[in-house]
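All values below were derived from every heavy atom in this structure, side-chain atoms included, with hydrogens, water molecules and symmetry-related copies excluded. Since the model is a prediction, treat every value here as computed from it, not as a measurement.
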Amino acid sequence: MMHAAGDVRIEDVPDPAIVEPTDAILRVTRACICGSDLWPYAELQPTDTGRPMGHEAIGLVEDVGADVQTIKSGDLVVMPFAFSDGTCAFCREGLHTACVQGGFFDGYGTSAAQAEAVRVPWADGTLYALSVGEDDALMPSLLTLSDVLGTGHHAAVVAGVKPGDSVAVVGDGAVGLCGVIAAKRLGAEQIIIMGRHEDRTGLARKLGATDVVAERGEAAVERIHELSGGYGVHGVLECVGTEQAMETSVAIARPGGGVGRVGVPHYATIPLAQPMFFKNVKVGGGPAPVRAYIEELLPDILEGTIEPGRVFDRTVGLDGVPDGYRAMADRESIKVMVTP
Ligand SMILES: [Zn+2]
């Protein structure tokens, strides 16, 4: 439970129970702390009740409501960070994060995943059953299907990454690193990671980055133009959400290029509207429909072609979660896995 910025506590709360007949209850076997959890960790105003945290999980289904058809007790499932009915117009179009009956596991009126158990609405539409054991060695990589891998992939898809492209990834957190994996997977030839933490950029190189740019602002823009033949890159994956990151993203996109933004925006307007217009740069993005991407990304994990689980560099039990937040906020850890 997060009570205020910097104040995370482990508390006993009532067990989640089936509320709607379409719900399932998961016993969480793996969860994690997200880069986006660091925003409330920095800014949350004190609350009376505390906010349940965590939106990424793998777990065993313990109970299902009367109307759940395809998910059953005992299934090991991935829980995407958004719930969705799987049947509405948007779910059928693959945009599950716009589900008309959906929502996010944000702790405001929902159960949350940094816990022993979580209530999942719309179990059939939301959960994805795995065919591996709960302690499979691939578990860290499979856990990234609940958010960061699908989110990095979404940035690459929205940016229009295709074989032979030059790509820049703005942000060296777990989503940015998964963006590197996604860009490589989609055939990008040049992948530039922007970041200044050597442990992160070093891992990015192992995951497929071809160049590292540690500069920021104007210097970064110049460096990326140099590296990409003078015109900027075809695709930019904006994985931060700050105004400066967005400004850099628009500035380094080449004419006709695309910016896929998946960092939750902490700015009111998109900067550089004029250059964006005159360069015909496409800007898009939003919450990734990770549920839609599991089908496509899972086989690559099972075959070992991609190893997104390498973004986890620390594992804690529930008692270690408060320190996990601290470690990620201090940039001491890239991403923390939780084994409740
Ligand atoms: Zn839907």
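- Within 6.0 Å of CD in Glu226 there are more than 12 heavy atoms belonging to other residues, nucleotides or ligands.
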**Q.** Residue pair Arg185, Glu296: steps toward the salt bridge (charged side-chain N to carboxylate O under 4.0 Å, His left out) verdict
**A.** CA-CA 11 Å; Arg185 202 182 151 273; Glu296 177 180 349; 3.3 Å; yes
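- Electrostatic pairing of Lys335 and Asp313 does not count as a salt bridge here, judged by no charged N lying under 4.0 Å from a carboxylate O.
- Ring to ring, Phe81 and Phe105 are not that close: their centroids are 6.0 angstrom or more apart.
- Inspection of the Gln114 and Asp37 side chains reveals an N or O donor paired with an N or O acceptor under 3.5 Å.
- A salt bridge does not link Arg119 with Glu62: every distance from a Lys NZ or Arg NE/NH1/NH2 to an Asp or Glu carboxylate oxygen is 4.0 Å or more.
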Q. side-chain contact (heavy atoms from CB on, under 4.5 Å) between Thr339 and Thr29: does it pass, once the steps are laid out?
A. CA-CA 6 Å; Thr339 53; Thr29 56; over 6 Å; no
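- Tyr108 and Arg51 are linked by a side-chain donor-acceptor pair at a separation below 3.5 angstrom, with hydrogens and angles left out of the test.
- In this structure, Ile192 is a member of the same hydrophobic cluster as Val281, with clusters built from ILVMFWY side-chain heavy atoms closer than 4.5 Å.
- Pairs engaging residues 146-178 under the ring pair (Phe, Tyr, Trp, His ring centres under 6.0 Å) rule: His153-Tyr293, His154-Tyr293 [sequence neighbours left out].
- Residues Met53 and Tyr41 are not in side-chain contact: their nearest non-hydrogen atoms beyond the backbone lie 4.5 Å or more apart.
- Contact of the Glu238 side chain with the Val262 side chain is not registered, since no non-hydrogen atoms from C-beta on lie closer than 4.5 Å.
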Q. Where do Glu332 and Arg326 land on the salt bridge (charged side-chain N to carboxylate O under 4.0 Å, His left out) test, with the steps shown first?
A. CA-CA 8 Å; Glu332 195 181 292; Arg326 183 207 54 77; 3.1 Å; yes
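- Using a 4.5 Å heavy-atom threshold, the side chains of Leu237 and Val170 count as separate.
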Q: Could you walk me through whether Asp147 and Cys34 pass the side-chain contact (heavy atoms from CB on, under 4.5 Å) test, one step at a time?
A: CA-CA 9 Å; Asp147 187 347; Cys34 186; 3.6 Å; yes
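- Taken together through direct or relayed side-chain contacts under 4.5 Å among Ile, Leu, Val, Met, Phe, Trp and Tyr, Leu227 and Tyr231 form parts of separate hydrophobic clusters.
- In summary, the side chains of His55 and Asp106 do not present any donor paired with an acceptor at a separation below 3.5 Å, with no hydrogens or angles considered.
- Val13 and Val118 sit in two unconnected hydrophobic clusters of ILVMFWY residues. Membership requires side-chain heavy atoms under 4.5 Å apart, directly or through other members.
- His234 and Ser166 share a donor-acceptor pair across their side chains, judged by distance under 3.5 Å alone.
- Taking 4.5 Å as the limit, every side-chain heavy atom of Val167 sits out of range of all side-chain heavy atoms of Val236.
- Environment of CD in Glu198: sparse, with no more than 12 heavy atoms of neighbouring residues, nucleotides or ligands closer than 6.0 Å.
- The hydrophobic cluster containing Leu298 does not contain Val290, counting ILVMFWY residues as joined when their side-chain heavy atoms lie under 4.5 angstrom apart, directly or transitively.
- Looking only at atom types and distance, the side chain of Asp85 has a donor-acceptor partner in the side chain of Gln101 under 3.5 Å away.
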